[in-house]
Amino acid sequence: MPEGPSIVILKEAVQKFKGKKVLESSGNTKAPLPELQSKTVIDFKSWGKHFLICFKGFAIRIHFLLFGTYRIDERKPAPPRLSLRFANGELNFYTSSIQLITEDLDTVYDWTADTMNENWNPAGARKKLKANPDMLACDALMDQSIFAGVGNIIKNEVLFRIKVHPESRVGALPAKQLNALIREAVIYCFEFYEWKKAYVLKKHWLVYNQKTCPRDMIPFRRKNLGRGQRKTFYCESCQQLYK
DNA sequence: CCGGTTGTTCAGCG
DNA sequence: GCGCTGAACAACCG
């Protein structure tokens, strides 16, 4: 479920509940949520992989982590973490991390760091990358404070596109590659979004979960790389290592 | 049954 | 008090 584009798709899918009153809420979340019954959803927002349900004076933050799912007007057999019933349907979340946010969202979230937000600021990302020259390219793309919304699939595809080895140091990247990294991270998010909506995402993967490099037809390397030791595919031949 | 996974958080340590 | 690391957590699929 989790990369940023999927959250934007969710946000669009729940628009019919915007401005609607919660008739009943339930779920096994341990988050200390206020009473939701009879409260009105003011807006749905997203920041990277965070999905935000906004009420007057507070918001509920939903993070799907690795295994989270949701259903709209449907239910899974498993008990929901949070379920909201409206007059025109219901919204169910499973296995997600749920938090209450009482602070102003504009102070909690840096909207300019969200790759799919209208306020995305590439110059800000560039500045953060410049400030962390020792960071590996694979870690930089996964860093939510720099590229909120980018996940492991997008990471792999972006690095392949720009022909950069995942273990390259950010500070060693020539300006051209550094700018390409920032640019393609955003472009790929929007392509991911379009492909996912059309149910054709997987067939567009060039490197993630793939066996052979389509550029020079040699086997991809597959290693667990970076701080999180995440699954990383790359071509030793066409993705250059900058050290 | 086991291995694998579109992710984050936090305890424990130096 | 900090940064880093590894464990913990979660549900479903093949």
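Keep in mind the model is a prediction, meaning the values are calculated, not measured. In what follows, chains carry the letters A, B, and so on, assigned in the order in which the sequence lines appear, proteins first and then strands, with residues in each chain numbered from 1.
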**Student:** In terms of relative ring orientation, are A/Y109 and A/H50 parallel, tilted or perpendicular, with 30° and 60° separating the classes?
**Tutor:** perpendicular

**Student:** Which class fits the ring pair A/F58 and A/F55: parallel under 30°, tilted 30 to 60°, perpendicular over 60°?
**Tutor:** parallel

**Student:** Once ring pair (Phe, Tyr, Trp, His ring centres under 6.0 Å) is applied, do any residues pair with A/F192, and if so which ones, sequence neighbours excluded?
**Tutor:** none

**Student:** Which one, B/dG7, B/dT5, B/dT9, comes nearest to the side chain of A/K231?
**Tutor:** B/dT5

**Student:** Could you check how far CG of A/N156 sits from P of B/dG7, rounded to whole Å?
**Tutor:** 10 Å

**Student:** For DNA chain C, what string of dots and brackets results from 5' to 3' when Watson-Crick and G-U pairs need both distances under 3.5 Å, crossing pairs get [ ], and pairs with another strand get |?
**Tutor:** .||||||||.||||

**Student:** In whole angstrom, what separates A/R230's CZ from B/dT9's P?
**Tutor:**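 Atom-to-atom, A/R230 to B/dT9, this comes out as 13 Å.
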
**Student:** Write down the distance between CD (A/E3) and C1' (B/dT5), rounded to a whole number of angstrom.
**Tutor:** 12 Å

**Student:** I need the CD-P distance between A/Q229 and B/dG7, as an integer number of Å.
**Tutor:** 15 Å

**Student:** Looking only at the aromatic ring of each residue, does the gap between the centers of A/F17 and A/F86 stay below 6.0 angstrom?
**Tutor:** yes

**Student:** Quick one: what's the B/S/- string for nucleotides 4-10 of chain C, heavy-atom cutoff under 4.0 Å, read 5' to 3'?
**Tutor:** ------B

**Student:** Using a heavy-atom cut-off of 4.0 Å across all strands, would you classify A/K76 as base, sugar-phosphate, or nothing?
**Tutor:**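 Result for A/K76 = sugar-phosphate.
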
**Student:** State, without any angle test, whether A/Y188 and A/E3 hold a side-chain donor-acceptor pair at a distance under 3.5 Å.
**Tutor:** no

